[in-house]
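What follows is a single structure, written as structure tokens, with notes after it.
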Amino acid sequence: MAGRRKVIELAMSEEDLAALRAIARSRTEPASRVERGRMLLAYREDPSFFAVGRALGVHHQTVQRCIERALVYGAMAALDDCPRPGKEPTITAEAKAWLVSLACRKAKDLGYPHELWTTRLLARHSREHGPAEGHACLAKLAQGTVCKILNEQEVKPHKVRYYLERRDPEFKQKMAEVLCVYREVKLIKETAAAAKQQPSDALAIVSYDEKPGIQAIATTAPDLPPAPGRHATLARDYEYKRHGTVSLLAGIDLITGQVHALVKDRHRSREFIEFLKLLDAAYPSHTAIKLILDNHSAHISKETKAWLAEQPTGRFQFTFTPKHGSWLNLIEGFFSKLARSVLRHIRVASKQELKNRIMAAMDEFNRHPVVHTWSYKLDQAA
């Protein structure tokens, strides 16, 4: 006569029970963990492999293995599969290191016409040259394996991430000067707000820059408007006609948000001087006009200096951003907004129409002026 089945006593703490209940109810945990969690909870209520298996629709031996694993390793560890030896890796660590170091070089340096690697090219090169370098395991290297090895090291040789090199030895000093101007703007606004008055007109601070190369592009066929149930977007013929380019010279008053702009065919010294004359006419004669601008040749040319010398002392003051520091100029944010909201997908019949539409956009911005504010690293200003 067979002996009576021995019940396995499975001890679980309250923390384990709470975690198992959460896993058993989870809709995001892997199905295997959810099923094993339910087995452990069910066995605690009714310590019978057959009863638990019948209730959960699994074989009683599956329940027995889960309970025995929990008894040896613990309830939470029993939810996961035990580690298995698996197949020995065929690609050695040295071969992987050689492949990654190869990916960190440019393909053109090894005689290829490609500037950067493609994973297919990298796999082919490894198959052809890897065995000669002592890595015979790379003789049948597949492209997918290359991707896995590179992903493990977070190396992406087929992509380019751009950065901006600081080539101005006085970068920090010039950046501090620009930030000081922005802090001056902040103090003017705070003082006017505290006094519940409009800011004084004794000083105007303008962020200025040019946006050259705005293309006047015309369509060669009429655009087709969206049609409900037929076309969700505007349809446009892919062919186009060029009418040349124009340059936008613009400055935004950092205190009032007012935009001053000119649209010209070019942006030489004479156009810059014309813009300065526009500012001169826009502000009272007693207002000091301080400009934040870059190091474009037109801003420091003989013609510009000669014109500035004829103006009253203190009328115009220039603060230059450092070289490769255009991101310090607030007008760049305004240009980005203009490009996204007005210039993107714009089509015109002539350059003059493009000029008119850009100036109409400036009028629209001035009807609802937005005061641009700089805050990044403002506390670090000297």
Side-chain angles (χ1 to χ4, degrees), residues 19 23 26-37 39 58-59 61-62 65-66 68-70 72-169 171-172 213 238 322-328 332 336 339-340 344 376-377:
I23 293 173
S26 175
R27 301 179 66 178
T28 57
E29 287 279 350
S32 60
R33 286 174 59 85
V34 174
E35 184 179 65
R36 290 166 184 170
M39 289 180 195
V58 297
H59 198 277
Q61 291 182 352
T62 303
R65 285 195 297 269
C66 180
E68 290 174 349
R69 193 185 306 120
V72 176
Y73 300 108
M76 300 307 298
L79 301 181
D80 300 310
D81 292 326
C82 294
R84 298 169 183 171
K87 183 182 177 181
E88 287 293 331
T90 56
I91 300 180
T92 63
E94 293 76 10
K96 291 182 179 180
W98 179 81
L99 177 64
V100 172
S101 65
L102 183 67
C104 293
R105 300 172 61 186
K106 283 188 175 183
K108 70 170 187 176
D109 295 340
L110 297 175
Y112 292 101
H114 309 67
E115 178 73 12
L116 303 176
W117 289 108
T118 65
T119 53
R120 192 181 304 276
L121 177 64
L122 188 57
R124 190 181 73 195
H125 182 90
S126 300
R127 288 194 299 268
E128 294 175 353
H129 301 278
E133 295 290 335
H135 307 295
C137 56
L138 299 179
K140 296 182 179 181
L141 182 66
Q143 179 188 3
T145 307
V146 171
C147 295
K148 291 180 182 178
I149 294 173
L150 296 181
N151 286 338
E152 291 174 357
Q153 301 298 324
E154 297 184 355
V155 175
K156 299 178 180 179
H158 59 289
K159 290 188 175 182
V160 175
R161 181 179 63 85
Y162 287 93
Y163 74 99
L164 194 60
E165 184 73 18
R166 290 186 180 181
R167 294 190 173 90
D168 193 335
F171 188 94
K172 291 185 177 180
Y238 69 90
K323 294 179 182 178
H324 286 200
S326 60
W327 56 275
L328 283 166
E332 298 297 339
S336 175
R340 287 181 280 109
R344 187 183 183 189
Y376 179 65
K377 289 189 176 182

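Here the structure is a predicted model, which means the values were calculated and not measured.
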Identify every side-chain donor-acceptor pair in residues 148-163 under 3.5 Å, counting partners at least two apart or on other chains, and give the distances.
from, atom 1, to, atom 2, distance (Å)
Asn151, ND2, Cys147, O, 3.1

Which atom pairs, donor and acceptor, lie under 3.5 Å between side-chain atoms of residues 124-136 and protein residues at least two apart or in another chain?
from, atom 1, to, atom 2, distance (Å)
His125, ND1, Tyr112, OH, 2.8
Ser126, OG, Leu122, O, 2.8
Arg127, NH1, Leu141, O, 2.7

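With sequence neighbours left out, the side-chain contact (heavy atoms from CB on, under 4.5 Å) criterion links Tyr73 to Arg69, Ala77, Cys82. For Lys140, the side-chain contact (heavy atoms from CB on, under 4.5 Å) criterion is met by no residue, not counting sequence neighbours. Taking the side-chain contact (heavy atoms from CB on, under 4.5 Å) definition, one finds that Thr90 meets it with Lys87, sequence neighbours left out. For Thr62, the side chain to side chain donor-acceptor pair (under 3.5 Å) criterion is met by no residue, not counting sequence neighbours.
Atom CG in Leu99 sits 8.0 Å away from atom CD1 in Ile91 (nearest 0.5 Å). Here Thr92 contributes atom OG1 and Leu138 contributes atom CG; the two are 7.0 Å apart, rounded to the nearest 0.5 Å. To the nearest 0.5 Å, atom CD of residue Glu35 and atom CD1 of residue Ile23 are 13.5 Å apart.
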Self-check item: CA sep, side-chain torsions, deciding dist, call: Arg167, Lys323, side chain to side chain contact (heavy atoms under 4.5 Å, CB included)
Solution: CA-CA 7 Å; Arg167 294 190 173 90; Lys323 294 179 182 178; 5.8 Å; no
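Across every non-hydrogen atom of Glu332 and Ser326, the tightest pair is CG-O, 3.3 Å. The heavy-atom pair separating Leu79 from Arg36 by the smallest distance is O-NH1, 3.0 Å. What you find for Ala95 and Cys137 is that their closest heavy atoms are CB-SG, 3.6 Å.
A side-chain donor from one of Ser336 and Arg340 sits under 3.5 Å from a side-chain acceptor of the other.
The backbone N or O of Arg105 sits less than 3.5 Å from a side-chain atom of Trp117, completing a donor-acceptor pair.
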